[in-house]
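One structure is given here, and the rest of the page talks about it.
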Amino acid sequence: MKRILILLLAGLLVLSGCGKNTVEDKKEEKLETKTEAKENKEVAEEKPSEVAKSIDDMTEAELEEAWKSEEAYGKLIQIGFNGGLCTGGAGIAHALGYFKDEGLDVELVKMQGVIDALGTAKVDMSCTHIAELLVPAVNGVDMVFKKGTQTGCKSLYVLKDGPINKVTDLVGKAIGLPNGIGGSDHNIALRFINRDNIDPKDIKWKPVESSAVILAMQNGEVDGAILSDQFAEKFIQDGTLKMIRSLTYDDDFKHEPCCVYVFNKTFAQNNPVTVKKMTKALFRVSDFIAHNTKEATQILFDNSWASGDFDQAVRMMESYDWQVSNDETAYTLTRIIDDYKKFGVLTSDKSVDEILDMVWEPEAYKHDNEDGYQASNK
């Protein structure tokens with residue numbers, strides 16, 4: 001009897017021990033499952049950026065497979081576009097079927113303001129002046145730059161028969177800004193006067209309508225103005241204006257892209273293959289415009305994306321360099337960021353390189369006039 005009790009007690013201890021280990025095992029197993037789920041969630045959340053870093057190493061077949069998992073796959077992509085010569089590349093690419101060749105379905109959307117349209121994801125991509133986009137991008141608007149568009153397009157003009165012959169003659173005088181103080185014209189003018197060692201405080205800045213700018217100069221309300229070269233050309237030809245500083249023609253600016261192709265940043269992060277395909281089409285159309293400028297201009301006119309004198313528009317298009325490399329765009333952005341920090345236009349405490357990394361995420365393509373270009377780019 002005593003022996004039976006001992007055996008029963010031993011059995012209970014064994015069962016008790018087994019029960020305890022089973023509960024602990026289940027707790028540990030549950031903890032491991034939670035940890036694994038958390039890690040899987042983190043991996044999933046990081047997936048878009050990981051794809052973005054690796055797509056340059058993918059084969060075409062791998063890219064196509066990765067593309068199928070993106071939010072934008074098979075959906076209509078909206079490109080903000082208001083026409084014009086400088087920003088006409090996306091429209092020309094659409095008209096030529098370059099986006100379609102990449103399997104993309106795009107729509108050109110008329111927008112009121114590029115910053116609001118991009119920042120609120122009303123459009124997925126657009127194009128405009130770096131001078132307009134850079135500060136909002138650094139200050140948190142949801143956008144990122146992917147490709148330089150073209151050089152040139154704006155200059156500083158004064159009356160031909162007036163007393164102003166160079167930028168230093170404008171010290172103490174007024175420069176007219178068609179898109180207002182703090183706009184792209186203001187930022188361009190700041191860089192002009194900085195290159196000639198003039199303190200911005202020594203210039204009077206005045207908003208003025210483009211339609212009234214010539215009269216404002218003639219009446220002495222302003223002494224010079226930032227104008228598009230296309231707008232100013234007829235006044236140059238009739239002897240009203242002269243150019244004293246230029247993004248288009250001056251040696252220290254003529255290789256800088258004035259505009260960039262810009263994407264909604266969240267869209268770009270979530271759809272890296274889509275954005276790569278779009279950028280590929282934009283490189284392709286830049287090469288087309290460079291070699292077929294008159295035909296490209298005709299496409300703009302045929303679609304009412306440009307107006308005025310056709311021959312003049314062709315001359316303007318020919319004055320731009322459409323094959324701006326990624327290196328040239330990065331260098332330009334570095335110079336502009338540095339200038340804006342000096343002017344106080346950018347108040348970020350980040351370094352120039354840190355700011356560049358925030359706003360500039362190029363794709364690894366080259367134009368057909370660059371070393372290392374491959375026909376596969378097309």
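Any value given below was found using the heavy atoms of this structure, including those in side chains, with hydrogens, waters and symmetry copies removed.
In terms of hydrophobic clustering, with Ile, Leu, Val, Met, Phe, Trp and Tyr side chains grouped at heavy-atom distances under 4.5 Å, M125 and I130 are assigned to different clusters. Under the 4.5 Å side-chain contact rule for hydrophobic residues, L108 and V285 share a cluster. The cluster map of Ile, Leu, Val, Met, Phe, Trp and Tyr, joined by side-chain heavy atoms under 4.5 Å apart, puts W305 and I79 in the same cluster. Tracing side-chain contacts under 4.5 Å through hydrophobic residues (I, L, V, M, F, W, Y), one reaches L190 starting from I198; they form part of the same cluster. By the criterion of side-chain heavy atoms lying less than 4.5 angstrom apart, applied directly or through intervening Ile, Leu, Val, Met, Phe, Trp or Tyr residues, M358 is grouped together with M143 in one hydrophobic cluster.
Judged by distance alone, with hydrogens and angles left aside, the side-chain atoms of N264 form no donor-acceptor pair with the main-chain N or O of D124 at under 3.5 Å. In this structure, the side chain of K206 does not engage the main chain of A174 through any donor-acceptor pair within 3.5 Å. Side-chain atoms of N303 come within 3.5 Å of backbone N or O of I299 as a donor-acceptor pair. A donor-acceptor contact shorter than 3.5 Å is absent between the side chain of D202 and the backbone of V171.
Considering all non-hydrogen atoms of both residues, P136 and L133 come closest at CD-O, 3.1 Å. Nearest heavy-atom pair, V135 versus V345, reported as atom, atom and distance to 0.1 Å: CG2-CG1, 3.4 Å. Of all the heavy atoms in I175 and A225, the pair that sits closest is CG2-CA, 4.3 Å. Between A313 and F301, the shortest heavy-atom distance links the atoms CB-CE1, 3.6 Å. Shown here for A90 and Y261, the closest heavy-atom pair between the two residues is N-OH, 3.8 Å.
Between D321 and Q323, some side-chain heavy-atom pair lies under the 4.5 Å cut-off. Contact check for F253 versus R191: side-chain heavy atoms found under the 4.5 Å cut-off. Considering only heavy atoms from C-beta on, T149 stays 4.5 Å or farther from C86 through its side chain. Proximity of M58 to I55: side-chain heavy atoms (C-beta onward) are separated by under 4.5 Å at one or more points.
Distance CD/E295 to CD1/I92: 9.5 Å, rounded to 0.5 Å. Note: S286 OG to Y320 OH = 14.0 Å, rounded to the nearest 0.5 Å. Note: S155 OG to Y249 OH = 7.0 Å, rounded to the nearest 0.5 Å. Within the model, atoms OG of S319 and CE of M317 stand 9.5 Å from one another, a figure rounded to the nearest 0.5 Å.
Using bins of under 30°, 30° to 60° and over 60° for the plane-to-plane angle, the ring pair F343/Y340 lands in the tilted bin. Using cut-offs of 30° and 60° on the angle between ring planes, the pair W67 and Y73 is perpendicular.
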Chi angles and distances behind the side chain to side chain contact (heavy atoms under 4.5 Å, CB included) call for S126, M111:
CA-CA 10 Å; S126 190; M111 57 187 181; 2.8 Å; yes
Please determine whether side chain to side chain contact (heavy atoms under 4.5 Å, CB included) holds for the pair K110 and N82, giving the CA-CA distance in whole Å, both sets of side-chain angles, and the decisive distance to 0.1 Å. CA-CA 5 Å; K110 190 172 180 61; N82 283 340; 3.3 Å; yes
* Asked: side chain to side chain contact (heavy atoms under 4.5 Å, CB included) between D161 and L159: does it pass, once the steps are laid out?
  -> CA-CA 6 Å; D161 297 328; L159 292 176; 6.0 Å; no
Full working for side chain to side chain contact (heavy atoms under 4.5 Å, CB included) between F192 and I226: CA-CA 10 Å; F192 284 157; I226 300 294; 3.8 Å; yes
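The side chain to side chain contact (heavy atoms under 4.5 Å, CB included) check on E71 picks up N270, N271, with sequence neighbours excluded.
Side-chain atoms of T168 and D196 include no donor-acceptor pair closer than 3.5 Å.
Taking the charged nitrogens against the carboxylate oxygens, E221 and K204 have no contact shorter than 4.0 Å, which rules out a salt bridge. Ion pairing between a basic and an acidic side chain is recognised when a charged N comes within 4.0 Å of a carboxylate O; E256 and R335 show such pairing. The existence of a salt bridge linking E363 and K147 is excluded, since no basic side-chain nitrogen approaches an acidic carboxylate oxygen closer than 4.0 Å. Using a 4.0 Å cut-off between a side-chain N of Lys or Arg and a carboxylate O of Asp or Glu, K350 and D357 do not qualify as a salt bridge. Using a 4.0 Å cut-off between a side-chain N of Lys or Arg and a carboxylate O of Asp or Glu, D250 and R195 do not qualify as a salt bridge.
In this structure, K276 satisfies the cation-pi test against Y365, with its NZ or CZ atom closer than 6.0 Å to the six-membered ring centre and inside 45 degrees of the ring normal.
For the side-chain contact (heavy atoms from CB on, under 4.5 Å) criterion with I77, the lone passing option out of V109, T274, D105, V275 is T274. Here the options are E64, E65, E70, the test is salt bridge (Lys or Arg N to Asp or Glu O under 4.0 Å), and the partner is K68; only E65 passes.
Residue pairs meeting the salt bridge (charged side-chain N to carboxylate O under 4.0 Å, His left out) criterion with at least one member in residues 226-244, sequence neighbours excluded: E233-R315.
Heavy-atom neighbours of Y331 OH from other residues, nucleotides or ligands within 6.0 Å: at or below the threshold of 12.
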